[in-house]
Amino acid sequence: MYEELIRQLNPLPNLILNWYNGQDAYSEGDVEDKIIRIIAETPPEDYVDAIYANFDWSTFYHLTHIRQNILNWYPFETGSEVLEIGCGMGAITNMLCSRCAHVTAVELSLKRATATLLRCRERNNLDIIVGNLNDVAFDRQFDYITLIGVLEYQGSYTDGADPYKDFLQKVKTLLKPGGRLLVAIENQYGLKYWCGAREDHTGVPFEGMNQYSVSPKKVRTFSGASLEKLIRDSGWRHTFFYYPMPDYKLPTVIYSQEHLPNDENMLNMHPYYTPDASTLVADERRLYADIIHNHVFGFFANSFLVECCDDPKVGTVSFASLSSERIPEYRIATRFLGHEKVEKFALIPSSGQQHIEKLLKNEQAMQQRGLRIWESHLADNSAVTRYCESQTWEQHLLALYDAGEISLIYSALDTLWDEITRSAPTVSWEENILYTFGLNILPDEGKYGPVLETGYLDMLFRNAFYTEDGIYWFDQEWTLENVPARYVLYRALTQFYSSWKRANDILPIRDIILRYGLLPPWKDFETLDNLFAGVIVDPAQLAEHRFFETVNGQTYVANIQKLIRQNRSENDEE
């Protein structure tokens, strides 16, 4: 039924049907036809708008670029060949084609393979094989093999007494010496499952904890220890565990066994629950502080990404953060290469490289004004910074709050204010951006204080190192011209107090607002901040995220009350 689409679009990849048995064993039904039509009619850069126009979970899940975050930070070797097992509808395939010399994708379903073919229609370095991997006769080995959401299904697609081990052993024969396998899979004991979320594959709450005894489906996930043992028993000598959050399907941050979260304020933690949140009985976000404090994050992480190889040099990247909620030209990745260096690079180089170069220019300009900068340099289109062992200024400040050192807190805030006011020359109060931004704000000479020629909006406590030599700034992405210095201070305060709720119990933010004259312009700064955020973040994507998170503070309470009422009703009937 897709022959006409294929003829019209004339895709470049090779579609190989030698091992296709004529049956699509894995399908979501008619929604896949709709998604294929969207793919055929829409360039990838417009998928966000296409999702917004076709608002359902399947369309969002298959088309959102956030799916690529599971591997778009990974340092694939130049010129490498990749085998992608289970490419689905091509959510990751295009990205692999852009990073590697050649990709061979294998997919059980002809319909899904067709989606990948059309989605990657401009790629001439892609072969798509339709069929079961166990049946395919390959004529080459690969540098990398990816199993993203595939291993858990081998109870249905691999014959034998131990299908998971047998499958991994088969996969290992397809790797070149020194090659690497990348396995992404849900954690059988992920925290979201303890909180009542439905098991991703069976739809049954608490299924993993009950050892998959409820559902008849031949599907299962593993604990971290069980998964590592399975991989080692299948022949790999070395493993390195990553922990994508909130899970491997839509990750925004990648922790690892060498770089675990160290506090409850985890980056970009936006959980979502499908098909609904009707079975949730706890908020996983409120549990992470205790889990991290008790050093059991690895056991409860929702998903794993495991790098497997025979080379002891494994896990060269220890942490990654993806700013994928932004519009394309501002999407960047940050990755830590152990304790050696930190790299920032554009996720879409064709549109985002200018933003990386602007970051470096901002740092140089601040340094010329006498501020200390933890310097970066441009290498291979990345902003590269040497790793710093020092704590951030935010960590130092939070320790002062916890110790109740009010005078030292004010001293730190005075230092921040001094750094802000000397970061750029001042201009006339009449040039204030608030008067030229179309906000209908009446000019007022004394209301906003000094106006900076350039406002460095990332002068936040978390963007500076606290060292014996003083404060060193880093990661200065954003600037606005003719900005009140108090607006920069406002951003630092609101970011800190929104991240650390307990800070307000120790030193109320209203006291700081009064001390630094922030009360009169506070509402105006809120308006400017919302406008600025609107320039960076894609509004359609933001709406999609908010819709699919589906959880608020009352969800858990309502579900628990429902269980209590049900229990009382059953007792009354007895």
Can you see whether Tyr74 engages Glu307 through a side-chain donor-acceptor pair at a distance of less than 3.5 angstrom? yes
Hey, are Asn69 and Ser324 close enough side-chain-wise for a donor-acceptor pair under 3.5 Å? yes
How about Tyr243 and Asn187: does a side-chain donor come under 3.5 Å of a side-chain acceptor? no
Any luck finding a side-chain donor-acceptor pair between Asp247 and Tyr272 under 3.5 Å? yes
Donor on one side chain, acceptor on other, Tyr248 and Tyr242, under 3.5 Å: no
Applying salt bridge (Lys or Arg N to Asp or Glu O under 4.0 Å) between Glu186 and each of Lys249, Arg220, Lys192, Arg198, report the one that passes. Lys249
Between Asp529 and Arg491, does a salt bridge (Lys or Arg N to Asp or Glu O under 4.0 Å) hold up when you go through it step by step? CA-CA 8 Å; Asp529 214 38; Arg491 281 178 55 85; 2.8 Å; yes
Pair Asp505 + Arg502: basic N to acidic O under 4.0 Å: no
Determine the interplanar angle of the His259 and Tyr255 rings, folded into 0 to 90°, and report it as parallel if under 30°, tilted if 30 to 60°, perpendicular if over 60°. parallel
Look at the rings of Trp57 and Phe60 and say which category their plane angle falls in: under 30° parallel, 30 to 60° tilted, over 60° perpendicular. tilted
Are Phe548 and Tyr61 close enough that their ring centres sit under 6.0 Å apart? no
For Thr158, what residues pass the side chain to side chain donor-acceptor pair (under 3.5 Å) criterion, not counting sequence neighbours? Asn134, Gln154
Assess the residue pair Asp310 and Lys172 against the criterion (salt bridge (Lys or Arg N to Asp or Glu O under 4.0 Å)); give the C-alpha distance rounded to whole Å, side-chain angles, the decisive distance to 0.1 Å, and a yes or no. CA-CA 10 Å; Asp310 292 334; Lys172 196 171 193 303; 2.9 Å; yes
Working note: Leu359 + Asp475, criterion side-chain contact (heavy atoms from CB on, under 4.5 Å); need CA distance, chi angles, decisive distance, verdict. CA-CA 7 Å; Leu359 183 153; Asp475 203 12; 3.8 Å; yes
Within the 3.5 Å criterion, strictly below it, is a donor on Tyr212 or Glu199 matched to an acceptor on the partner's side chain? yes
Would you call Glu343 and Lys341 a salt bridge, using N to O less than 4.0 angstrom? yes
Pair His65, Gln541: side-chain N/O donor-acceptor within cut-off below 3.5 Å: yes
Do Trp473 and Glu419 get their side chains close enough for a donor-acceptor pair, meaning under 3.5 Å? yes
Any side-chain donor near an acceptor of the partner, Ser156 and Lys217, under 3.5 Å: no
Closer than 4.0 angstrom, basic N to acidic O: yes or no for Asp311 and Lys313? no
Is the distance between the ring centroids of Phe496 and Tyr401 less than 6.0 Å? yes
Test item: side-chain donor near acceptor, Glu207 and His201, under 3.5 Å: no
Distance under 6.0 Å and angle within 45° of ring axis: Arg386 vs Trp374: yes
Supply the atom-to-atom distance Glu477 CD to Glu363 CD, rounded to the nearest 0.5 angstrom. 10.0 Å
We want to know whether Arg119 and Asn94 form a side-chain donor-acceptor pair, criterion being a heavy-atom distance below 3.5 angstrom. no
Just by distance, no angles: are the side chains of Thr334 and Lys344 close enough, under 3.5 Å, to form a donor-acceptor pair? yes
Using side-chain contact (heavy atoms from CB on, under 4.5 Å), reason through Tyr456 and Trp478 one step at a time and then give a plain yes or no. CA-CA 6 Å; Tyr456 296 97; Trp478 305 105; over 6 Å; no
Do Gln169 and Ser234 have a side chain donor and acceptor closer than 3.5 Å? no
Is there a side-chain contact (heavy atoms from CB on, under 4.5 Å) between Gln211 and Gln188 once you walk through the steps? CA-CA 9 Å; Gln211 308 302 311; Gln188 180 179 358; 3.4 Å; yes
Would a line drawn from the ring center of Phe465 to the ring center of Tyr472 be shorter than 6.0 Å? no
Under-4.0 Å salt bridge between Glu228 and Arg232: yes
Side chains of Thr385 and Ser376, donor plus acceptor under 3.5 Å: yes
Quick check: are there more than 12 heavy atoms from other residues, nucleotides or ligands sitting under 6.0 Å from NZ of Lys176? yes
Compute whether any side-chain donor of one residue and acceptor of the other, for Glu81 and Gln141, lie under 3.5 angstrom apart. no
Any side-chain donor paired with an acceptor under 3.5 Å for Arg462 and Ser499? yes
